[in-house]
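Comments concern the structure below.
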Amino acid sequence: MPYPETFTGFQVNGPETWTEFHKNEFQPKPFGDYDVDIKIEACGVCGSDVHTISGGWGEQHFPLAVGHEIIGTALRVGPKVTLIKEGQRVGVGAQSYSCLECRQCKNDNETYCQHQLDTYGAKWPDTGIISQGGYSSHVRTHEHWVFPIPEALPSTVAAPMLCAGLTAYSPLVRNGCGPGKKVGIVGLGGIGHLGVLFAKALGAETWAISRTHAKEADARKMGADGFLATSEKDWNKDHIMTFDLIVNTANSFEGFDLDAYLSLLDVHAKWVSVGLPEDTEGIKVRNQTFLKNGCFFGSSHLGSRKETLEMLQLAADKGVATWVEEVKISKENLAETLQKLHKNDVRYRFCLTGYEDEFGA
């Protein structure tokens, strides 16, 4: 069977027209010895996609097809590929390259490699070709960033785990989430709901923290042991200095009382922010904020190959299932879906399907 020379995808031309998708052919980077070509069957819709095409994260390379929660079939593997076999169902997340030789890469910190490249919108160093994402027929990715998907996980459940899931899972496991620990997840969106699901699957006492009680019933169905609504008076009072870890998945700091949140942490416990507000937003931090409990404040970026494989296996073993709304890929549906996500009108992740109908065999 001949391999496609060019791929086809739904691209946006710029932030002024970010809800207009154009079905275009594009040239992927040259096929390398360690590359895998994947015929896409499903792709999660991430908040990053909206921030990128709408201009919220600054200048980008257009025209651009976004999407980095990709599931499909390995169609072709390079001559030096050992991690993936042709015909396997595989996934690709938000990162598609790192040097694999630096100190970070050799310590399972390849997501922090200084040479890391994103799955879409990155300029490949040798050619200047811009990487294109999963709103496309195919994707070409280095084998290190291609993950076999356990049989027990449906494609639409697995896809959102490759960015949203990993973004929550990595800080949980790196900071001791497990039995005997009290863990909070701030924000119950795409990342946050997977944070609740994974914190529970890892055995921690899991609390969802949201502005109102609107999502409490959902959080309880996901397994949350408790729920805090931050719009209530003295919402933190009964829980001061009782949490071992809080992962903040909120992507806005508007009206954010950081001191109140950090008061929840036990001595030297950690607050890890993974949400990425748009360029205009920030938060003021003073040393006094950290003094009462000596807490630590930091961030986390995606996760390693090792963590991705462990996360997918945990999900398969424990029956962790993303709350997903399926949408057939088309330019009309993409416009509507991205606008809905922009308004946070989703429970709790969109996943694109119907690739065969749109792009053919």
Side-chain angles (χ1 to χ4, degrees), residues 44 46-48 160-232 235-236 238-253 255-258 260-266 269-277 283 295-303 307 311 314-315 318 320-324 344 346-349:
C46 181
S48 307
M161 293 180 182
L162 296 171
C163 175
L166 186 60
T167 296
Y169 179 82
S170 179
L172 288 171
V173 293
R174 287 186 182 220
N175 294 292
C177 176
K181 297 295 175 75
K182 183 176 177 182
V183 173
I185 305 292
V186 177
L188 207 66
I191 300 172
H193 94 284
L194 280 159
V196 170
L197 290 166
F198 279 123
K200 195 65 189 166
L202 290 163
E205 179 189 334
T206 304
W207 286 68
I209 304 171
S210 189
R211 289 182 196 260
T212 71
H213 284 283
K215 296 177 179 175
E216 180 168 8
D218 286 355
R220 300 276 185 188
K221 283 180 196 159
M222 292 166 198
D225 300 288
F227 191 95
L228 296 176
T230 62
S231 59
E232 293 187 341
W235 65 271
N236 59 335
D238 295 336
H239 299 272
I240 287 172
M241 291 179 75
T242 65
F243 280 82
D244 298 291
L245 169 67
I246 296 176
V247 177
N248 172 35
T249 73
N251 68 357
S252 169
F253 284 128
F256 213 77
D257 183 355
L258 185 63
Y261 285 100
L262 295 185
S263 74
L264 298 171
L265 291 167
D266 196 3
K270 291 180 182 174
W271 166 281
V272 185
S273 269
V274 296
L276 292 172
I283 195 161
C295 67
F296 291 92
F297 180 100
S299 190
S300 173
H301 181 234
L302 296 174
E307 286 167 333
M311 171 193 68
L314 177 73
K318 298 270 190 174
V320 174
T322 314
W323 286 33
V324 73
N344 292 319
V346 57
R347 291 175 67 212
Y348 281 88
R349 202 64 157 185

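Positions are given from 1 along the sequence. Both backbone and side-chain heavy atoms feed into the values below; hydrogens, waters and symmetry mates do not.
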Report yes if some heavy atom in the side chain of [X] is under 4.5 Å from a heavy atom in the side chain of [Y]; otherwise report no.
X: Leu194; Y: Thr249; answer: no
X: Met222; Y: His193; answer: yes
X: Arg347; Y: Asp218; answer: yes
X: Trp207; Y: Leu264; answer: no

Under 3.5 Å, side chain of [X] to main-chain N/O of [Y], donor-acceptor pair present?
X: Thr206; Y: Asp225; answer: no
X: Ser299; Y: Val274; answer: no
X: Thr167; Y: Cys163; answer: yes

So, for [X] and [Y], which heavy atoms are closest and what is the spacing to 0.1 Å?
X: Arg349; Y: Ala164; value: NH2-CB, 3.4 Å
X: Val183; Y: Ala199; value: CG1-CB, 4.3 Å
X: Gly195; Y: Leu172; value: O-CD1, 3.8 Å
X: Asn248; Y: Ser273; value: ND2-OG, 3.0 Å
X: Val196; Y: Ala208; value: CG2-CB, 4.3 Å
X: Lys318; Y: Ala201; value: CE-O, 3.5 Å

So, using side-chain contact (heavy atoms from CB on, under 4.5 Å) as the criterion, who are the partners of Ile240 when residues are at least two apart?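 Scan of Ile240 (side-chain contact (heavy atoms from CB on, under 4.5 Å), adjacent residues dropped) gives Asn236, Ser263.
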Value rounded to 0.5 Å, distance of [atom1] in [X] from [atom2] in [Y]:
X: Leu276; Y: Ile191; atom1: CG; atom2: CD1; answer: 7.5 Å
X: Ile185; Y: Cys177; atom1: CD1; atom2: SG; answer: 7.5 Å
X: Leu265; Y: Trp271; atom1: CG; atom2: CH2; answer: 8.0 Å
X: Asn175; Y: Lys181; atom1: CG; atom2: NZ; answer: 9.0 Å
X: Leu262; Y: Met241; atom1: CG; atom2: CE; answer: 12.0 Å
X: Met161; Y: Leu166; atom1: CE; atom2: CG; answer: 11.5 Å

List the steps, then state whether ring pair (Phe, Tyr, Trp, His ring centres under 6.0 Å) holds for Phe227 with Trp235. CA-CA 10 Å; Phe227 191 95; Trp235 65 271; over 10 Å; no
Apply side-chain hydrogen bond (donor to acceptor under 3.5 Å, both in side chains) to the pair His239 and Lys182, showing each step before the final yes or no. CA-CA 11 Å; His239 299 272; Lys182 183 176 177 182; 3.0 Å; yes
Return the orientation label for the Phe198 and Tyr169 ring planes: parallel under 30°, perpendicular over 60°, tilted otherwise.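 Judged by the thresholds at 30° and 60°, the geometry between Phe198 and Tyr169 is perpendicular.
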How are the rings of Tyr261 and Phe256 set relative to one another: parallel (under 30°), tilted (30 to 60°) or perpendicular (over 60°)?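 Rings of Tyr261 and Phe256: parallel, as their planes differ by under 30°.
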Atom NZ of Lys215: over 12 foreign heavy atoms under 6.0 Å: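 Enclosed: over 12 neighbouring heavy atoms sit under 6.0 Å from NZ of Lys215.
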